[in-house]
Protein chains: 2
Amino acid sequence: MTDNKDYEHMAGIFKALAHSTRLQVLVKLQEKEHCVCELQEIIGFDMSTISRHLNVLKNAGIIESRKVNNQVFYRLLCPCVLDTLECVIDMKTSNKE
Amino acid sequence: MTDNKDYEHMAGIFKALAHSTRLQVLVKLQEKEHCVCELQEIIGFDMSTISRHLNVLKNAGIIESRKVNNQVFYRLLCPCVLDTLECVIDMKTSNKE
DNA sequence: AGCCTACTTGGTTATTTGGCCAAATACGAT
DNA sequence: ATCGTATTTGGCCAAATAACCAAGTAGGCT
């Protein structure tokens, strides 16, 4: 819990969470797995952009992908991420503006 | 839970958490409040750097400051941030490498 | 007033991030 | 083999981040 490498690792996960588009993706994936083009339609940036965001989440170990024909479906690995979101929301309502 | 502004706000908080030095600061503040120079000694960057990190955490609503003479003490506002850390650590041990 | 300590802020620089478009890749169907 | 759809990757660019040093501010103390 105190090695500098641990801090780097934890920071890396928070970094992955630190973008509104990626949070939107995670909320979507909470419901069920989605392929890239579905997420792209919902969220609306270029597909390459969505793909890169998904890759960031995957590298952080937060989501996983499986290929079905020529589509790639992503699913949430750790529901705990969403508890984190709850925590953040509580933080907001209890302490701010 | 779905307004784009909400996502931005949540992402902002994660952004504040997304740096190893700031995580180190938070762990220190968990124990008790600290002034800038104490944190600087423990962590070891330039004091101006530490001060800026503290400001990021403060702007995100995660910590608070109070002035005592010519020192500024920072303290943790939301212990829930540390639950978040726990969550991240669990994520690490259960799903990765 | 002048000095010291604690802290913050301005300026500079190097690196990272996130967007787009275009090109490459993967795979099924014709 | 070629075509079409889905996805990833490379290149480019603008903006944000994080570090440093130096200069500014704030509050005792002599």
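Chain naming here is simple, since letters A, B, ... match the order of the sequence lines and numbering starts at 1 in each. The figures that follow rest on heavy atoms only: side chains count, while hydrogens, waters and symmetry mates do not. Given the structure is predicted, the values throughout are model-derived calculations rather than measurements.
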Can you name the salt bridge (charged side-chain N to carboxylate O under 4.0 Å, His left out) partners of E8(A), sequence neighbours left out?
none
Nearest whole Å is fine: how far is [N] [atom2] from [X] [atom1]?
{"X": "R66(B)", "N": "dA6(C)", "atom1": "CZ", "atom2": "P", "answer": "17 Å"}
{"X": "L54(B)", "N": "dT17(D)", "atom1": "CG", "atom2": "C1'", "answer": "16 Å"}
{"X": "N55(B)", "N": "dA19(D)", "atom1": "CG", "atom2": "C1'", "answer": "16 Å"}
{"X": "E33(B)", "N": "dC7(C)", "atom1": "CD", "atom2": "P", "answer": "12 Å"}
{"X": "Q71(B)", "N": "dC4(C)", "atom1": "CD", "atom2": "C1'", "answer": "13 Å"}

With sequence neighbours left out, what residues match S48(B) under side-chain hydrogen bond (donor to acceptor under 3.5 Å, both in side chains)?
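With sequence neighbours excluded, S48(B) shows a side-chain hydrogen bond (donor to acceptor under 3.5 Å, both in side chains) to D46(B), given in chain and number order.
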Residues which pass side-chain hydrogen bond (donor to acceptor under 3.5 Å, both in side chains) with S65(B), listed by chain and number, not counting sequence neighbours
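Listed in chain order: K58(B).
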Measuring from D6(B):CG to M10(B):CE, what's the distance to the nearest 0.5 Å?
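So the CG of D6(B) and the CE of M10(B) are separated by 6.0 Å.
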I need the full list of ring pair (Phe, Tyr, Trp, His ring centres under 6.0 Å) pairs touching residues 39-62 of chain A, with sequence neighbours left out, sorted by first then second residue.
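Sorted pair list: H19(A)-H53(A).
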Within the structure shown, what part of the strands sits under 4.0 Å from F73(B) by heavy-atom distance: base, sugar-phosphate, or nothing?
nothing
List in numerical order all residues of residues 35-42 of chain B for which some heavy atom is under 4.0 Å away from an atom belonging to DNA chain C.
C35(B), V36(B), C37(B)
Any salt bridge (Lys or Arg N to Asp or Glu O under 4.0 Å) pairs touching residues 11-23 of chain A, not counting sequence neighbours?
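Non-adjacent pairs meeting salt bridge (Lys or Arg N to Asp or Glu O under 4.0 Å): zero.
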Results of side-chain contact (heavy atoms from CB on, under 4.5 Å) for I42(A) - residues two or more places apart only
K28(A)
Excluding sequence neighbours, so at least two apart, what forms side-chain contact (heavy atoms from CB on, under 4.5 Å) with R75(B)?
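R75(B) satisfies side-chain contact (heavy atoms from CB on, under 4.5 Å) with E33(B), E64(B), L77(B) once adjacent residues are dropped.
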Can you name the atoms? Protein N/O to nucleotides 24-30 of chain D N/O, anything below 3.5 Å, with the distance.
from: dG28(D); atom 1: OP1; to: N69(B); atom 2: OD1; distance (Å): 2.7

Under a single-linkage rule joining Ile, Leu, Val, Met, Phe, Trp and Tyr whose side-chain heavy atoms are separated by less than 4.5 Å, which residues share a cluster with V68(A)?
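Members besides V68(A), by chain and number: F73(A).
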Looking only at atom types and distance, does a side-chain atom of E38(B) sit under 3.5 Å from a main-chain N or O of C35(B), one as donor and one as acceptor?
yes
Is the distance from OP1 or OP2 of dA6(D) to the nearest side-chain N or O of Y74(A) less than 4.0 Å?
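So the side-chain polar atoms of Y74(A) never come under 4.0 Å of the phosphate oxygens OP1 or OP2 of dA6(D).
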For H34(B), enumerate each residue passing the ring-ring contact (aromatic ring centres under 6.0 Å, His included) test, keeping only those at least two apart in sequence or located in another chain.
none
Contacts under 3.5 Å, N or O only, protein and nucleotides 15-21 of chain C:
from: dG18(C); atom 1: OP1; to: R22(A); atom 2: NH2; distance (Å): 3.4
from: dG18(C); atom 1: OP2; to: R22(A); atom 2: NH1; distance (Å): 3.3
from: dG19(C); atom 1: OP1; to: H19(A); atom 2: NE2; distance (Å): 3.4
from: dG19(C); atom 1: OP2; to: H53(A); atom 2: NE2; distance (Å): 2.4
from: dC20(C); atom 1: OP2; to: D46(A); atom 2: N; distance (Å): 3.1
from: dC20(C); atom 1: OP2; to: T49(A); atom 2: OG1; distance (Å): 2.9
from: dC20(C); atom 1: N4; to: R52(A); atom 2: NH1; distance (Å): 3.2
from: dC21(C); atom 1: N4; to: S48(A); atom 2: OG; distance (Å): 3.1

